[in-house]
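Data first, discussion second: the structure below is written as structure tokens.
What's counted below: heavy atoms across the whole structure, side chains too, no hydrogens, waters or symmetry copies. Small disclaimer: the values here were computed from a predicted structure and weren't measured. The first residue of the sequence shown is numbered 1, and numbering continues consecutively from there.
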Amino acid sequence: QVQLVESGGGLVQAGGSLRLSCAASGRTFSTYAMGWFRQAPGKEREFVAAISWSGSKTYYADSVKGRFTISRDNAKNTVSLQMNSLKPEDTAVYYCAGKRGAANKSGPSEYDYWGQGTQVTVSS
């Protein structure tokens, strides 16, 4: 079993940057694909980025490609999301999630473990 705790959210002006981190507990972290999702008020939870268990493959939603970077450190049991050139439409609660099997652009239903979320607010 894997427990996930996100950190790094906050308030930032448009064009700014934030780095989200997700700390995982459990010895099997390195065998899981990891993803970041976000949910804005009144909207469904949506895929943002995913990374394979080895870190060799990454996937991004079109809306964040070129601005966000997902990475992981299996030695430290962490996965991160570097967010640059932030826009007001990036405002949401961001969730870290883990899944067995391959990383891809799959939706939240395929993920087994979730963090509690961290708020990101981008002001215009």
First locate atom CD of Q3, then atom CG of N77, and finally report the distance between them rounded to the nearest 0.5 Å.
12.0 Å
Do Q13 side-chain atoms and V122 backbone N/O form a donor-acceptor pair below 3.5 Å?
no
Output yes when a side-chain donor or acceptor of R67 lies under 3.5 Å from a complementary backbone atom of S85, and no otherwise.
yes
Flag yes if Y113 and L81 sit in one hydrophobic cluster, no otherwise; membership is Ile, Leu, Val, Met, Phe, Trp, Tyr, and two members link when side-chain heavy atoms are under 4.5 Å apart.
yes
Say you draw a straight line from OG of S80 to CD1 of I51; how long is it, rounded to the nearest 0.5 Å?
9.0 Å
Gap between atom CZ of R72 and atom OG of S54 - 0.5 Å precision:
8.0 Å
Sidechain-backbone polar pair: S52 side chain, S56 backbone, donor-acceptor under 3.5 Å:
yes
Rounded to the nearest 0.5 Å, what separates atom CG in L4 from atom CG in D112?
10.5 Å
So, the side chain of Q82 versus the backbone of T69: is there a donor-acceptor pair under 3.5 Å, distance only?
no
Hey, is D62 close enough to K65 for a salt bridge, meaning N to O under 4.0 Å?
yes
Please check this pair: side chain of E6 against backbone of G117, looking for a donor-acceptor N/O pair closer than 3.5 Å.
yes
What closest approach, in Å, do S123 and L11 show between heavy atoms, and which atom pair accounts for it?
CB-CD1, 4.3 Å
Find out whether the Lys NZ or Arg CZ of R100 is both under 6.0 angstrom from the six-membered ring centre of W53 and within 45° of the ring's axis.
no
Kindly state whether the ring of F47 and the ring of Y60 have centres lying under 6.0 angstrom apart.
no
For the residue pair K99 and N104, what are the closest heavy atoms and their distance?
NZ-ND2, 4.2 Å
So T91 and V120, side chain to side chain contact (heavy atoms under 4.5 Å, CB included) or not? Walk me through it.
CA-CA 5 Å; T91 295; V120 171; 5.9 Å; no
Closest approach of G98 and M34, non-hydrogen atoms and distance?
CA-SD, 3.6 Å
If I compare all heavy atoms of A24 with all of V2, which pair ends up nearest, and what's the gap?
CB-CG1, 4.0 Å
Distance in Å, D90 CG paired with S63 OG, rounded so as to fall on 0.5 Å steps
7.0 Å
In terms of side-chain heavy atoms, does Q119 have a donor or acceptor partner in T121 at a distance below 3.5 Å?
yes
Are the side chains of V64 and K87 in touch, meaning some heavy atoms are under 4.5 Å apart?
no
Please confirm whether F37 and Y111 have ring centers closer than 6.0 angstrom.
yes
For V48 and K105, run side chain to side chain contact (heavy atoms under 4.5 Å, CB included): C-alpha distance rounded to whole Å, both residues' side-chain angles, the deciding distance at 0.1 Å, then the answer.
CA-CA 8 Å; V48 174; K105 292 186 177 182; over 6 Å; no
Can you measure from CZ (R19) to OG (S71) and round to the nearest 0.5 angstrom?
4.5 Å
Applying salt bridge (Lys or Arg N to Asp or Glu O under 4.0 Å), name anything that partners D73, two or more places apart in sequence or on another chain.
none
Any ring pair (Phe, Tyr, Trp, His ring centres under 6.0 Å) involving residues 61-110? Give me the pairs, sequence neighbours left out, ordered by first then second residue.
none
Under a 4.5 Å cut-off applied to non-hydrogen side-chain atoms, are V5 and Q116 in contact?
yes
Using the rule given for side chain to side chain contact (heavy atoms under 4.5 Å, CB included), can you reason through V79 versus W36, listing the C-alpha separation, both sets of side-chain angles and the distance that settles it, and then say yes or no?
CA-CA 9 Å; V79 60; W36 285 96; 4.0 Å; yes
Quick check: closest heavy atoms across K43 and Q39, and the distance to 0.1 Å?
O-NE2, 3.1 Å
Identify the two heavy atoms, one from A14 and one from S124, that lie closest to each other, and give their separation to 0.1 Å.
CB-CA, 4.4 Å
